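Each chain gets a letter, A, B and so on, in the order the sequences are listed, and its residues count up from 1. These numbers come from a predicted model, not from an experiment.
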Amino acid sequence: MTLMDKVRVRFAPSPTGPLHMGGVRTALYNYLFAKKHNGDFLLRLEDTDQTRLVPGAEQYILDALSWCKINIDEGLGHGGDLGPYKQSDRKPMYRQYADILLEKGHAYYAFDTAEELDEMRQRMKNAGVPSPQYNSVVRDSMQNSISLSADEVKQRLDRGDSYVIRIKMPRNEEVKINDTIRGWVVVNTNNLDDKVLFKSDGMPTYHLANVVDDHLMKISHVIRGEEWLPSAPLHVLLYRFFDWECPAFAHLPLILKPDGNGKLSKRDGDRLGFPVFPTEWTNPETNEVSSGYREEGYFPEAFTNMLAFLGWNPGTAQEIFSMDELVESFSLQRVGKAGAKFDFDKTKWFNQQYLRSKSGDELAELIHSKIPKSKDADGVFLAKVCELMKERATFVEDIWESSQLFFDSPTEYDEKTHRKKWKEHTPDILKKVTELFGGMSDFSAENVEKEFKSLLEENEWGLGMVLPTFRLAVTGKGMGPSMFKISELLGKDEVVERIETAIQKLS
RNA sequence: GCUCCGUUCGUCUAACGGUUAGGACAUUAGGUUUUCAUCCUAAAAAUAGGAGUUCGAUUCUCCUACGGAGUACCA
């Protein structure tokens, strides 16, 4: 592409199931790159294999990207002038391109049946070839328009015999790709095979379709997973055969499983207990549910921030990046070459950082829906509770769970604290505390602390002896935030009442 | 097997020929806190191995080892 051309990138998933977090990262990098260069981010559905369609997968992809705030400029579900953006809807467009290749002599008809192909592979294996290929060495011995006479080919075509169209891979030619992330990659065509471009069902294969569509949709940069690197030379050759300008290529490193080696898979998530999908997915066949980051309580910002750092880094110490900051800082030059092992602990850390950066008001808003109608807590109170509790939470859910004490008096008391701290004289001490509180008019945290401490001082009671029982009586727990702040939020009457109840129950 | 890609602390990574090889997560130890969490401080922790090129290699080249991906009428 020339410098004047607009940056246009695409994310082209296949609707064969839910979008894996590796796929989301590919989409994210495409999106960041596009936005960084004021370009377009397109979504195209690669559904040329109709047998592998999974109901709901298409909608899942749309929803998941939307949750991640990876906004689509053009494509599936978002309009655009170069559609349709679903390859099955483009079916009639592909044949003409296969014909061009046929005419130019870069492709040929192949009539081999599945049995004949199997037979060939078996024959080659017996001859000591580990992974047999349909290439120039076997080409002549197969049923195709190169080995067969023109008459025979015409006859078969007229008869309506089933056929595919294969690329005629040139002999002994070096194909060079300048990958933006990896530099020059050179492959000799002798190692490539005569890939099927056009299937017998009238659909193109991925290889033909992605090249044709990328060209037609004016894609400037192809940013995709490393698993495509081996077939990139084939794609480059196709651009050449069509006489089309080749987009720039960038092959992203894989996301690896946290332990051991290999690509991160759904099984790893099940085994190690973390989601591998952005949002929850129910397998329509088995009804098996796979957990999602959204449902597990992650902020989409935390999820995408974490994902951005799996393979990319800004070169500075900053780790928390808003989407806008990611756009600003992103560059393919700073994407690593090696696969990155997924780190679930770090993922939680990211979420914690985002949680803590939110105000009490924002958190109250998020938590509000969880509160039973009967409680009807007012927003100001809730915001204060959130502000107090957020320091010890990773998820919004944590806040809610640890905040029960603000809405219900304890029904049970921490057994360990009771056993270790609740002494014979404890009820008397706590009675004194209630008397003290009862006479106070200023029940602010500061004042409660001041009065409480001076009471202890006067009587020479240790803080470590009284405070845990005070906490136990009011919250039923052995740990938590400052008791003085809790007292302020609960209010004098509630605190006194809870202490009195506890004295009765625990003595 | 073959082709391609890769290899810095346990993990994510920085250092694009010259640094005591830096940061973050996790870990450990202190400190703060009534407690838990937070927070602060500190510690431990890496250039896969071998040849070259160079005054000097984490960085460039080659070999080995290890790992990964690909090798379908799947994407």
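Pair assignment for rU54(B) gives none, since no Watson-Crick or G-U wobble pairing has each distance under 3.5 Å. Nucleotide rA69(B) is matched to rU3(B) when pairs are restricted to Watson-Crick or G-U wobble geometry with both distances under 3.5 angstrom. Pairing for rC16(B) is absent, judged as Watson-Crick or G-U wobble with the two contacts each under 3.5 Å. Across all strands shown, rU33(B) forms no Watson-Crick or G-U wobble pair with both distances under 3.5 Å. In this structure, rU11(B) forms a base pair with rA24(B), meeting either the Watson-Crick or the G-U wobble geometry with both donor-acceptor distances under 3.5 Å.
A salt bridge is defined here as a Lys NZ or Arg NE, NH1 or NH2 lying under 4.0 Å from an Asp or Glu carboxylate O, and E415(A) with R419(A) meets this definition. Look at D194(A) and K168(A) and you find no salt bridge, because none of the NZ, NE, NH1 or NH2 atoms lies under 4.0 Å from a carboxylate O. We find that E173(A) and R240(A) are joined by a salt bridge, their nearest charged nitrogen and carboxylate oxygen being less than 4.0 Å apart.
In terms of the side chain to side chain donor-acceptor pair (under 3.5 Å) criterion, E328(A) has no residue partners (sequence neighbours excluded). Residues satisfying the side chain to side chain donor-acceptor pair (under 3.5 Å) test with Q143(A), not counting sequence neighbours, are R156(A). M479(A) is linked by a side-chain contact (heavy atoms from CB on, under 4.5 Å) to nothing, counting only residues two or more places apart in sequence or in another chain. Partners of S131(A) by side chain to side chain donor-acceptor pair (under 3.5 Å), not counting sequence neighbours: none found. S322(A) is linked by a side chain to side chain donor-acceptor pair (under 3.5 Å) to E325(A), counting only residues two or more places apart in sequence or in another chain.
One atom, CG of N191(A), and another, C1' of rC5(B), lie 14 Å apart when rounded to the nearest Å. M306(A) places its CE atom 13 Å from the C1' atom of rC25(B), with the value rounded to the nearest Å. Summarising the geometry, the separation between CG on N188(A) and P on rC4(B) is reported as 9 Å, rounded to the nearest angstrom. In this entry the distance linking CG of N135(A) with C1' of rU3(B) reads 13 Å, nearest Å. Distance, D343(A) CG to rU11(B) C1': 5 Å, rounded to whole Å. Taking atom CD1 on I320(A) and atom P on rG23(B), their separation rounds to 18 Å, with Å as the unit. Rounding to whole angstrom units, CZ of residue F342(A) and P of rC25(B) are separated by 17 Å. Rounded to an integer number of Å, the gap from Y134(A) OH to rC2(B) C1' is 21 Å.
As judged by a 4.0 angstrom heavy-atom cut-off over every strand, V466(A) is placed among residues making no nucleic acid contact. Looking at heavy-atom distances under 4.0 Å, G336(A) makes no contact with the nucleic acid at all.
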* Asked: In B/S/- notation, 5' to 3', how is nucleotides 31-46 of chain B contacted by protein heavy atoms closer than 4.0 Å?
  -> ---BBBBSS-------
* To do: For each nucleotide in nucleotides 61-75 of chain B, reading 5' to 3', give B when a protein heavy atom comes within less than 4.0 Å of its base, S when such contact involves only the sugar-phosphate, and - otherwise.
  => ------SSSSB-BBB
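Pairs engaging residues 333-356 of chain A under the salt bridge (Lys or Arg N to Asp or Glu O under 4.0 Å) rule: E319(A)-K346(A), R356(A)-E391(A) [sequence neighbours left out]. Applying the ring pair (Phe, Tyr, Trp, His ring centres under 6.0 Å) definition to pairs two or more places apart or across chains, none involves residues 110-133 of chain A.
With rA15(B), rU11(B), rA26(B) as the choices, the nucleotide that has an atom nearest any side-chain atom of R334(A) turns out to be rA15(B). If you check rC25(B), rG1(B), rU3(B) against the side chain of P130(A), the one that comes closest is rG1(B).
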